[in-house]
Each structure stands twice: as C-alpha cells, then as structure tokens.
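As structure tokens, the structure follows; a few thoughts come after it.
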Amino acid sequence: MNNSPLLKIEELRTYFYSRTKQAFIRSVDGVDLEVNKGDTLGIVGESGSGKSVSMLSIMGLIAARPGIITGQVWYQQEQARINLLAGLQDHVQVSKNDGRIMSVEKTDLAWQRRLEKNMLGIRGKEIAMIFQNPKSAMNPFFTIGHQIVENITRHTQYKSRKEAKERALYWLERVKIDSPQLRFYNYPYGLSGGMCQRAMIATALSSEAKLLIADEPTTGLDATIQARIADLLEELRAQTGVTIVLISHDMGVIGRLSNKIAVMYGGRVMESGPAQAVIDHADGKSHPYTEALLKSIPREDNMSSQGHLNSIDGEVLDTINVPRGCRFASRCQRINKSIEKMCLNEEPPLATVSDGHKIRCWHFAGV
Amino acid sequence: MNRLKLATFIFIAATVNAVNAEQDRVGGTLGYGEYGRPATIDPITSNDMIALRLTELIFNGLVGINEKQEIVPDLAEKWEVDKEGKNYTFYLRKNAKWHPKGADEPQPFTAEDVVFTFKIMAHPKTITPLKVRYEFIDTVEKIDNYTVKFVLKRPILNALAKFTFKIIPKHGPNNTNYLTREDPFVQRPIGTGPYMLKEVTANQEVVLIANPNYFGAKANIAQFVAKPFADQNIMMQALTFNAIDMIVTVNPRNLPELQGDKRFVLQPYNALSYAFFGYNVRNPMLNDARVRKAFTLAINRDEMLKSFFNGQGTVISGPFAPGSWAYNLDVKPQPFDKAKAAELLKEAGFQAGSDGILEKGGKKLALTLKVPIEKENEAVKRVVLAFKNYLKSVGADVQVSFMEWQAWKESIFAQHDFDIIFASWVFDDSADISSLFHSAEIGAWKNNFGGYTSPEVDGLIVESKLTLDHEKRRTIYRKLHEVLADEAPYTFLWTLTNYSAYHKKVRHVSIHPYKFFPYASSWFISGDESKI
Amino acid sequence: MTQYAQTQTTVSEYSELSILQRTDKRDIAYVVYGIVILLMVVCAYLMAIFGWLPHDPEEMQLELMLAGPGAPGHLLGTDFMGRDTLPRLILVIKAYFVPGLMYIAVAILLGGIFGILSGYYGNKYETVVTYITNIIDSFPRLILMLLVVAAFKPDIYYIMMVLGVTNAPLVSQLIKGKISMLRQKNFVESAIALGIPDARIIFKHILWFNCRSYLIIQATLGMGEAILLESALSYLGFGVQEPTPSWGNMVQQGANYLLQGQLWSSTIPAMAIMFTVLGFYLLGDGLNNMLEGKRQS
Amino acid sequence: MGDAILKVTDLKKHFIQGKGLMSFMQRQTIPAVDGVSFDVNTHETLGLVGESGCGKTTTGKLILKLSQPSSGNIVYDGIDIVPMSNREFRPMRSKIQMIFQDLDAALNPKMRIGQILGETIKIHNKHLDDSAVTARMYELLEMVNLKKNKLSNFPSELSGGEKRRVGIARTLSVNPKFIVADEPTSALDVSIQAQVINLMVDLQKQLGLSYLFITHDLRLMELVSHRVAVMYLGRIVEIGDAKKVAQHPRHPYTEILWSSLHVKQSAAALKVQQHNAKAGAAWDVFDFTEEDKGCRFAPRCPVFAEKGQPQACTQQSPTLQDCASGHKVACHFPL
Amino acid sequence: MMVSRSAKPVVLYLTRELYVTFFLLIGVSLVVFAVLYSAPGDPLAAVFGGQVLSDAQREEMMRNLGISNTWYGQYWSWLVKLFNGDFGTSLRSGQPVLGEVTKLAKNTFYLTFGAMFFSLMIALPIAIYLAKRGTDRLGWVLMMFAYTTSAVPLFWSAYIVIYIYTRFFNTLPIGLATGESMNFTQMMLPVFMLGLGSGIISETVRFLRDEISRVFSEDYVRTARAKGVSVWKHALTEALIIPVSEMIASKIPFVIGGAIIVEQIFNWPGIGRMAWQAAQDRDYPVIMCITLVTALIVRLTSLLQKTLYVIVNPRASQETKTS
C-alpha cells in the first residue's frame, strides 16, 4: 500500500465551445485536487462553478462533440497508477495565446473512442457515481432490482443470476429500503424521491467501487429526507470504507459529511483542506468566498439587524470572459486598497496556509 | 370512353384472319389480359363486357351468329316461325350436355332449361340488365323435351337475332324462381359451351378448360385464362414480355409500338359504337341548330382521328354505324370549315366580344362540357381538349369539367345540368335508336338527355316503329339520318376500329365485334411460330 | 475533425450572434434552398397570374406530341397533347397555391381548435376531441380522399380540404403537447394568475410565440405531402382534372408513355415534384434547426 | 400587523382520478387539501411548511383560483372569491399574486423580458402609453435590482437569480397586496437565495405586502415568516407564531421536521425514520376510503407507537386546538 | 395513488381501449356512410354498370335488393346485419363481403407490413447514424437519399423501376402476369417499392434521429454510462422500441394508402384495388367493410403499440389510470 492519493487531478480543464458566442465556456479551468483513500471530499460552490463538470470530465461523461478536456487525472488502481485522460491529447490540437486556449482542432470520433477505451474497467467498477434527481437518473424502464443486478454481474464476482439477486437484496437492505424483496421488483416511478436515491446509492455501491462520486445527492429532496440521505452516506462510508467525493452547493450537507473540503468558484479551486480548517471562518482564516458562502446559510446568527440574510452580492462568474486577476475579486468583501491591484490583475496562487489547507487569495499568498 | 349501352342492330361483318387451316393443333393455353375483373360470370346477372366475353365461351344460345352475320343453329337445330311472326318454335338438339356440376354426371340439355331460363329472366326479383330486351316475348311453352315454343307480344323485325340469349341449366342455380347475385351459380356457372369453368384463382384469374363433351366441334385450345389487370400500361408490358398472349382491346396509344413488333398480330374489329358531342338544347344558345352546326364545322374530326387514334376509325355523319343498312352514305360528314362556322355563328346573332369570345345579347358564348373520368383513357382527354381548342378559335368558350362517372350520369340524366357532353353509344344486338331523339324520351333518367324535340323526327320514329317492312324502314332511317345530320342535336364524331393484339402463335383468330369470343373454339395455338 | 475557434480574446458584452451566424451552415443552405424553391413558387404564381408565360400553355401542336426537352420551340418538351411543358409547370403553381393555403388554414384552424380544447381546457373536451381525432386517424387517408373525391368532385379544393381535415389531428397533437409542456413549466398558470385573458394566452403566448415555428414547419412538410397525395390521386384518376394542369396529372399522363420508352414528359414534372418536395422537407428541417435551436451544445 | 387580509375557512380540494369512458371502473378521490383554515394578516408573512405532496402548493393555487376548490371559503379583503367566476375574478388578480416555484414560470421562453413585463403592465393599466409603460418597467427593474439592459434579453439568457427577479418584477407589475410565494428559492444557490429573500423582505416593507410563504426549507421559514402553519396530508396540524412553533413544537410531526435539521437527531426522529422507511410514501400509508378514520399522521407517529396505539388516534380525527395564545395544534396528545 | 404493478392495469387498459375501438368503428362507419350517401349515384350502379334506368325501374330494383330509400334505413339495416355478424353481400358480385375482403386483406396485410418492415430496415440505420455521428458527408448522403425516396410520386418511381427492370432482365416483375407462382423478386419488388415510396422513410428518419439524440442526452443514459454498462441496452426501450412502434402505428394508414397504388401497378390482388373499384361502383357494403377492416387494422396496430408501450413503460401503466 503506497501513500499516493486514490485520485489526483492535475490542471484539469474542461471547455465547451459555444457557437452562439463564438467563444469557449471555461467551465473547469485548471483544477488540482487530491482524494486520499477513505476520505470524504466535499466540493462546494455555486451552480456554474464547475464542480459537477469537473467530476463528469473525470468519468468521461462530457458530451463528446463540443467538449474539450485537457490535463491529467491519475487514478490509483490496485497496482498501477493510470491516467484517465491518457492519449486524448493526440486527437486534440490546442493553440494558445497568452495562456488562453484560442482555438482547438479535435477529431471527435477518435477522441471519443480513446476516452471510452480509457474508461473501460474504470466506470462503475472503480469509480461509481450518483446523481441528483434520482428519478430521472434511474432508468425508468427497468426495475430497481434489474439495475442493481446488472451492475453486480458486470463488475463483481457474483455472476450467476441467483447470487447477483441475493447480493442486490443485500445492498437494498444496506441502504435501508423497507421490504427489499418487494422493492426489487419496483420501477423507479413507483418510489418516492428519497427511496429512489437510496436505490441509486445501492446501485452505485453494489459494484464495490473504490470511489463514489455523489453529485448533489440531496438536492431537490425534502429537507427531512435530505438529512436522512446524508446520514446514510455517512454510515455507509464508515461501514464500507468507500472513498466519497461529494458535490453540493449546500454548505450544511458538505460540512456534515466531509472530512476534506474544496471550494470551487468559476472553474477554479479557491480553497481546499481539512473540513474543520475550511469551515472555521470566524477570524478570517479562510477564503473570502468560503466565508461568504457560510454566512449566507439561513441561520439566526447570519441575520443582519434589518432582518436581512447575508448574501453574496453580484452575479456568478461569467465563465467566458474570465477576469485576468482573482476570479472572485468583483464580489469580494475583503478586497482593499493595499492589494486591489494584485487582485484585479493577477490570479493568486493556491497557497498553503497550514497542513493541507490551501487558499487561493492574495491575502494568504504572502503567508 | 364510357359506354352508354343502347339497343341497336348489328350489321358489321367480323373480320376473319385468313389462315390456312393446316393441321389441327389441339392444346395450349391462351392467357388474355382484361382491364378489370368480372363481378359475376353468368349470362343473366353480369353487366360488364368482360363477363360477356366469358359467357360466350361457356354458354350457348338457341341460335348463334356465324362469321358472316347469319343466324345459324346452335342449341336449337331448327326452328319454325308462323305467318304472323308471333309464334316461334325451336327444335332443340339432343346431344347437348351441361358441364358437370361438381362431381355429378353431366346432365342433358332439355326444353326445361330453355323455359327455366326465360322464366328466371322475366322474374321481377331477378336483377338483370337483360329484362328490358326480352319484354317482347309473351310466353314460353315446352312442347316436349326437345321442343319449345315462344309466343311474342307483337311481331317484331329480325326477332330471331334476339334468341341468341344464353341458356342456363335448371339444375344450376340454387333458387329455381329467380336469380340474384347471392346465388353461388353466378360465380361458378355451368353451361353447354365449348369451355367450362375450372376455377377462379386467388389472383382473380378465370381459368376455363375445353369441354370434352361439347356437342359441336371440339375446341382446339385446351385452356383460356382471363387475367385481370388494373393498369393498362402493365397489361401492355405483360403482352410484350409474353406474360399474356392476347389483349382484347388495345389502347390506341400502344398501337404504334405494336405495329412495329413482328411478334404480334394486330387484328382490327369494329368497336360497334360511335362517339359524339351531345348538346343540351335547353340552353337557349344551343337551341339554335346553326350554333350546333357551326360547332360541328369548327372541329377537325379527321385531324383528331389521325392524331389521337392513329387514324383507326371512320368519321360519321349520323347516328348509325357506317356500312349498316340504315346509314345514309349520301349524307357526307361536314368538312372542317372554320370560316363557315364563324359565318353560321354570326348568322345566329353572335358578335365577337372585347376578349374575343362571342356574345349574343350581352351573354357570352360560354359553355360547360361535362366528361366522365375514365382512368388511363387520355384519348378522351385529348378529344375534349382539342374540342375546346377548336371552339376557342371560333370564339366559343368551353369549360371542360371532368366528373366522376356516377356524378356525371346523375348530372346529365337526372339534373340535365350541362351544356355539352362527350360520350359514345355502344350498339348491341337489339332494339332501336328511337329513344335518343324522340321527345317522349325527355325526362329524368331517359335517353333524350339533351331535350331535343323535333316534330319531324318524332314522326319519323313513330313511323319506323309501325312498319315491319325492311325497305320502308330503311328509307325512313335514311331520312332520319339526313334530318339529324342537319339539325345536329349531336356532333357525330366517328366509329372507331378496335384492335385486338395477340401473339402470332395464336392462329385462325376470328373476332366478333361485340361478343368477341363466339368463334374461339376454332382458334388454335401453333407450336411453331416461324411458319407465319 | 471539428474546429473550434474563439474570435476575440475577450468577448465583451457577448456579441450575441444573429440567428444566421449561429445556425449551422448546412441548415442555412437548406433554408436557402427551400426559400429559393419558395421564391420560384411565388414567381411562378405571379407569372401565372399575370400571364407572363414563355409559351401558350393551351396551344396544342398535334404533330409534336411527347417531345423531349430541347424540341424546337419547347424548352422542356411537350406533353401528350403537344402542349409545351414549361408554361404548364408554371401554371400548376397557380392551381395549387390558393388550395394549398386553404389546406394549411383548415389543418391549423381545426387542429388548433382541437388542440386548444383538449390541451388548454383539458378535462371537459378531451374525451370528445380524442374520439374525433381517433376517427380521423383511423382512416387510411388515401381511401378517405378517394371516397370523397369519387363521391363529390375531383377538385383540388376537395382534395386539400380532406387533407386539411386529416392533418388536423397531427396539428392538434402538436399544440396539445406544446400546451402541456408549457403547463408543466407553470407558464400558462402564471399567465392566468397575472390576469391575462385566456384568448391572449392562447393566441399570443401559446400559438404565436411558441407554436408558430412548429406550425410553419408543419405547413412546409404538409405542402410536400399535399403535392405527393395529389399525384397519387391523379394516378388513380381522381386528381386534379384537365384542363387544369397539376404536376400529378402531368406525371400521370406522361407515365402512360413511360414504359414505351418516352421518359421525358413524365420525368420533367416528376423532377419538379421532387425538387419542390425536397425543398419543403429541407426547409422544414432547416427552419426547425434554426428556430427551435436544435443544434448540439 | 393589521387585520386579516385573507381568511381561508375549511378549504377542500378533492381530486378525482379516473377519467374517460371507462371512468366508472376506476375512480378514486384524493383529498389533496382537506379542510384547511387559516388567515393571513396584512403585512404579515405566513409560512406554510410540509413535505412535498402534502397539499401546500395546491392550497396556494386554490387561493389564486387556478383551480376551483371542492368546498370552503376564501375571503380576501371581505370578499369571498370561491363563488366568483373567472371573469369576475380577473380584476382581483391584480391584488393577489403568486410566485411560482419554477423559475421559468411566467417567462414565456420566446418573449423578451421587456415584452413580458410590458404586457402585464398594459393589461392592468390600459390607459398607459408606451413611454409610461417603459418608465414603469424601469421602476420595476430597479425595485428588484436588475439592470435595464436585461429588457432585451430572452429568459434563457438569464441566470437563475435574474429569472427569479424578473418573475418577482412581473408579479409586482400589477401592484398586488397579497403574494403567494411557492418555494421561491428552492432552485437557487444559497448565495442567491439570500438575495431573493432579502428582496422579498424589503418589498414587504416598502409596499406593505402580505405573503403566504410556501416552503419545505424550515430554516428559511423560521427566519422569514411571522407565523407558521404546518401541513400534513392535506391538513394543517399546527399553526402559530414562527418562533414558538420552531422552538416548542407541539405536534409530533413538527417536532420531527425540525429535529431532522439538526446534526444530531432526536431519538424520536430516528424512530420515525425507521418507521417511515418501512412505510413508504405518506399518501400510501393512510387509508382514505373512510371519512375521519383518525389522525392521518398516526401510522408514522412516534407518540402513537409509544402510547400503545390509543383508540383516539385511530378513531377520531384531531381538530386544531388552541394551546397557547394563537398557537394551535391538531393532536390528541400534543407534546 | 400507487398501485402495485401487475397485469391489472394492462388488462383494464385493453378492455377500455377495445370498448373505445368499438365506438370508434361505429363512428368511422357513419362517416363513410354519410360520404357515400351524400354522393351522387346510387347502389344500383354496381348492379347495372353503365345502364340508364328509369326512376320506376330503379325503385323496383331497390326494393328487390332490399335497399331502403332513406339513409338511416340503409345504415340501420346495415348495422343490424353487422351485429348479427353479417357484413352483407357485395352489390357488384353478390358474394359475402367479409369473405372477399378478408381473402384480399391478407394480401394487403403482407404488402403493407412487408413494406413497413422494409422501410424501417432502411430508415433505422440512417437514423442511428445521423443521431450518433451527425450530418457528416456520409450522413448527408444518407439523409438526402431518405428524403429523396419520399419526395417522388410513388407510381412514377414504380414505373421507372419496372422500366429498368424489364430492360435489364427482359421479363416483367409482376407475379400475376408472368406465371403461376411468383418468384422472389416478383414478390419483393412491390414490397420494396411501397417501402421506399410511401413517404414514411423520411419521416421515420427525421423522427427517430431526434428521438435517439434526445434519449441519449437523458439523465438515465448518462447513469448507464457512468455504470460502465451497455448504453444501448438502457436506451433501447425509449430510443428505439417506443418510437419505432409509434412510427409503425401512426404510419400504417399511409402505407395502406400507398398500397392502393402499388396494388394497381403490380397487379397485387389486395383490398386497395377493391376499394378503388367499389368507390366507383358505390358498392357500399364493400366500402364499409374495407374501411372497417382497415380502420380496425390501424386501430389494432395502434392498440398493440399502446399495449406495448404500457408493457415496456412502467410509468404508462400508472398514467393510463388517469388519462
């Protein structure tokens, strides 16, 4: 057992080409992340911050045609360390100007083929994924049981129908679905949202994947159910030791489950580190964006005297015209005269503040 | 051309394909193409030409007509007519046998069958187009097994020709009183003829095989197959690719192609019909004979005949077939003469309007020409369009309106809502033309659809009906011809020559103009095509 | 190989591209082709209306029947009456034009009524409308058309009328689908809540803003279908009748000589049909992609 | 706080399932809203909470007359709107408005923002000329903190927060006094959510609005509403001052709702969780075939289980009882 | 609200639909009858062909044929007979209509469904190619091919094919004409022609292409990809089975319509030709029977499609309860 992280993302960029605007939408623009075995990494950020897209890129689930993915994604399999994006650059020619991608020539078909080849044996088997809106993310035409069994027979040693069914029922029980025998034959349509998400988790885990990417697993569910799904994930992590990457815009859920947190904004990681370090914002020890996010959680102590909730003014970053300087500068509360120039003109580096805690802000750059 | 069936006489001699009858060739199959398929194939309920042709092969009448148009014995060996011309006694042949019904033994033909046939035809519940034609017969009586006597209501001219109707067996239909289309007999008839029905296949082909027990000379060709087609072009192709051996009526458009093809024989026969433009004289503009005559003058019938029908036909001047005894050869068809037409129209009071269309009293000479639709008969289209064009050149505006056949019939015969029609009358073996122009025949569903009245014509018709003298009648008819040609209730166009096309391996083909197949038993198929 | 290129280093105030710029070139080509066809149609219509024809369409040259293209004095040859093909091809447009518009009007009106009744007013009328549209849908439309035309009049107005009625269920389904889609988005409900009158919601919001491109597309596809159906009826003898020319009856009359090797007099109108119908199809496709933004993003 | 601007009494909406020709073979009544009573005072925000499917959105739509109640009264400003026809109600629509959960609601995807706003302004103020309409539009945009240049955009070109603002602006364009806000922030990011909530609070102050605030987010509810009504399966089980209901819930269901928010769940909540997992969706658990068959929450109720399934809960449907000044609860055994 | 999934909804649905179908067929027959009755010409046309009859004669004949003079009389007696399982007899041939029609309907059935199958065989690969690869050069050629086949008049292309065929093989590709038993090309050519020319290829391509690309962007397909299992297996139901069956059901009336023409040209003994003949003859028992049979085929196909939909789509069995 070596110490290299289970998943190491280096300089991941995912661009989409917008024909209407004749420009690249820089959804993910240079993301570096590490996920160690057994960790729960929470990725938090507003919609459009690139958190989902970066994870979909890792899984090769970006629609082939206009999507451009560059960078390295190292995945530590049993023995080997493999690059999930290996060989893709052969089919893409990128020309840059001033560090920005200005034009791309891409052989779509070959690119797609190569991607599928890379992903063979990874998707489902090594990395499983669950999505928001479980009702639409589960195939409405197959029974819950079928969808689990399919995953089991494909990726695990339980090949026979009977074994696989037993195993599927085991997993349904694990996710605390009542009367699994019955639900096994149910279609997603007949289940409530929470129940569906449980079934989805069961499906994902049933292949005994090492890494589970949970893309907003609680969004759209009732508050009560949200809490329960979060509890379930926590419980399963503790029991199976699966590594989880949790994507959410809800600081509450992230804070509740993760031991590491990465905060993304405008396609960039703004802050990453142990959960406690990131959340502990009381004395301005974290990134201004993280702080603002935490402060906007509707809570009694986040209310201003006028009965206003704290909010982050301004709009989400425009990912086409990415500013030269800090991406958050336009909305930043902590920006001041002394560093204004830096903030507006040069992008801050991801500076290490303490052990494993990195912040991308000029306030911390010098530290 | 749609055929308005009408009673008239037969005069035309059938042409015989002169072939030296070398050795008898028995056997072979003759497949012939028909456009459409028959509804029923018995002689009583059927009403289409396809069935008529088939019944010619399957059945016999009391008397027949030979190739020289003479009445010859058929099922009756001989006959007697009394002096009044009211009683006809037929002595039947004793060796005629019905085709076997199912697995039964063939039964002999007797006088019972003749009586039966007549009674069934006359029964009010029998639905047959024949009924009107045999109303002149009063009673029929069986004298003995092989003698029958017919009593006529009144003596009529040339009555014997009417006894060509086909005799059906008493044991044929299930119902012995009347015959309806529900009776299985109408689909699987049995007769006495040279051919008997073998089967109607799933593809609606009617297969006939030679009758081994036929009383007359045995048929040469072993099998006749009537193959239905829904597309004349395809039927034509079927002939050229040897899928069928004969087409009964060749579409004029295909004549040039066949004429150049050495493999086929094109045999002409008279169509026994004439085409005409009929005018509705209820329209005040058309009530003037000068206008109608002008129209006749304005169209170039020769050119049309030549361009559209390959010149295969004769332009006529009156309501009879040229060559018949009634046809008045002295009345020449009006030649194409635009100037004269214009003059006549001017005489009738028409002045050219601002747009070149003639006017009279402020009313334009605008007329509707109603034509029934017939699929794949562009000859009709050509004629009416040419007509329109000819009349346009003399300043008459004709709107051509094609109508579905039933709708056309209703608007012509019931509503009289038209100015001009294009149609043709078909002759067959009975009755007279009096209904076409007699004023008593004006009214809904009567034949004088144009509403033409002329005391002179009425008088001539009545006179002709009263006479039994052939010569006298002929004189009257010639006069009638003359009057009608002058009055022009119709513009008489032409009688056409029909062509049958067949593969040259079929020999000794002679064709009856109307019934087509009466002489088919003497046809034969030569195995050796090179000899011709 | 696909190329993507950013034209400017910074896209200030998104220079929103015009609809033409952002539509795929191919779609533009389709639309242009379709529009060229449409323009030709309009030109032909005007030519027919004002009688600017290259040749008298009714003049018969009986000695020159079924001539091929390039025959002296006849650019596209002559038909079975020795009439020049070209002016007749043009004249067809006039015969089709108004009935075609009527067909579209009938289909859209009837379909619109059905669609609105069942989609907007829902429960009350849905059963009845479904029943009626099901009846219409159950007929093979050529048989129905044959019946009506055989029974009444082989007139292009009747043909188009039947076509309009039989196309109504399709339009109705389209509109109903659109309404229920908009309902799902609460868009209709919010409009009602804002006190906007029903008529305005139906006509302006639903039909005008959200269905117009669908209806245009439907109409273009429908025009193609109308031409083809008329030609099918012509073959059966019940299409538009002489002396009114229609592409259907021109092909049919020419086709009688096709098997004898005289290909031209049917092929020319058949090509006219093909290019026009293809034009309608591509126009429909192109418009669909253009207006409904069906490009991959 | 003033007088009640809206009084809802015994409001019922029963959906009947099973239509078409064979409807007689399968018909089922679903009491989506079953005897709901509450009132909303002027300048007040009444929160309506409950799980999805409990009938809160339906209640909102009934008030807007977007569907016709089966029975009951809705009295707005002294006028009962239930018997009114749609035509009669139309002028009233400028008084009562709704913010829909769906961001795209109210925004015809094919219309520009300017057209969308202009239309409603014109419909309710027919006398206004074009320049006045434009002025009013600018005023509205300012009210909701939107840039003027958005007027020429299509809805699809706006971000979620902007769409919501446009929606609110359109709602405001008719000068309503009472707004039903159906989960106005559920589809938004936390940061944007705060902006929208602040905007709504500001507007209430500026324009003197009253809100019926429907949400399943209890944290938000607690902060924004003055009073809260908790709904369960078509009925209000608890209603009262927001702070009181949040801090001292009297109904077991309310207790569970609130406790699920906290990281450490109460023992009772965990029990329900287990219970609930077995029970499946709420509507399946309760048998509606008999009227008043008892407390609808009973099958999932921890108290019910604890007390050994008392008769009262299964036989008698509890009514809302006042337990402390204006704090009402419908439970046989309130906590 | 929820019903455990069982055969019950399907059975219920089928019962209801059959019940609706019954009324639908009554409606269809009424429409046809109305059209026929209001048309000029009368049933005697079938019996007397070109003959002209007087009013008295025609009344007598009508009485003898047992045909009522009023439309409701005629319709009612037809309906009463129908409920006794009797479709009446053809006025033209006198044969029981049902027997004749079913005998020929079989042929039309082979023709239409064969053609349907054939056009799907062409349209499916094109649609899949277009959906997956977009309109590249080959895709464009394929698309233009699909569109062009639907843009030419069917009868003209049939003539052209026959013309070419006869010149190449020197024989006529028409079974009935050439001999007792049809060979393969003679059987298949009409089917191919109808499949190509009935105009459904372009529409199928258009519809399937959009459907497939839509389904492939669905969330659950993405899930399948994330699971590393066969994507096509997951998308199959919604991307192919449902749209293809929908296409078949909705296009059957078109193909039957096209069959009228193909039957005429290729001399294929089917009900299309019969309908054409009967329409001109006003042979109303035949027309009624043919329209009922075709409407029934259309209806049953759509019923089959809907049943299939209910079976493959678990949501539908719930929806059928409410709609």
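Below, chains carry the letters A, B, ... as their sequence lines are ordered, and counting in each starts from 1.
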[X], part contacting chain C, at a heavy-atom distance under 4.5 Å:
X        : answer
B:Glu257 : side chain
B:Asn389 : side chain
B:Asn251 : neither

Which atoms of [X] approach chain B - backbone, side chain, both or neither, heavy atom under 4.5 Å:
X        : answer
C:Gln252 : side chain
C:Leu258 : neither
C:Gln253 : side chain

**Prompt:** Out of B:Leu367, B:Ile420, B:Ile421, which one pairs with B:Tyr279 under the side chain to side chain contact (heavy atoms under 4.5 Å, CB included) rule?
**Reply:**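 Only one of B:Leu367, B:Ile420, B:Ile421 forms a side chain to side chain contact (heavy atoms under 4.5 Å, CB included) with B:Tyr279, namely B:Ile420.
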**Message:** Going by side chain to side chain contact (heavy atoms under 4.5 Å, CB included), B:Lys338 matches just one of B:Leu297, B:Val394, B:Ile299. Which one?
**Reply:**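 By the side chain to side chain contact (heavy atoms under 4.5 Å, CB included) criterion, B:Lys338 pairs with just one of B:Leu297, B:Val394, B:Ile299: B:Val394.
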**Item:** Interatomic distance, B:Ile234 atom CD1 to C:Leu259 atom CG [nearest 0.5 angstrom]
**Value:**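 If I round to the nearest 0.5 Å, the distance is 5.5 Å.
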Please determine, among [options], the option with the most heavy-atom pairs under 4.5 Å with chain C.
options                                : result
B:Met236, B:Met304, B:Gln237, B:Met403 : B:Gln237
B:Lys306, B:Arg253, B:Glu404           : B:Arg253
B:Ala407, B:Ala386, B:Ser401           : B:Ala386

**Asked** In terms of side-chain heavy atoms, does B:Asp419 have a donor or acceptor partner in B:Thr368 at a distance below 3.5 Å?
**Response**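 Checked: B:Asp419/B:Thr368 side chains pair up, N/O donor to acceptor below 3.5 Å.
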**Asked** With no hydrogens and no angle check, is any side-chain donor or acceptor of B:Arg37 less than 3.5 Å from a backbone partner on B:Pro228?
**Response**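 No; judged by distance alone, with no hydrogens or angles, the pair does not exist.
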**Item:** C:Glu242 and B:Lys381 ion-paired at < 4.0 Å
**Value:**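 Result for this pair is no, no salt bridge flagged.
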**Prompt:** Counting heavy-atom pairs under 4.5 Å to chain B, which of C:Gly237, C:Gly82, C:Ser234 comes out on top?
**Reply:**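 Looking at each of C:Gly237, C:Gly82, C:Ser234 in turn, C:Gly237 comes out on top.
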**Prompt:** What do you reckon, is CE of C:Met274 surrounded by more than 12 foreign heavy atoms closer than 6.0 Å?
**Reply:**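 Atom CE in C:Met274 is packed in, count exceeds 12.
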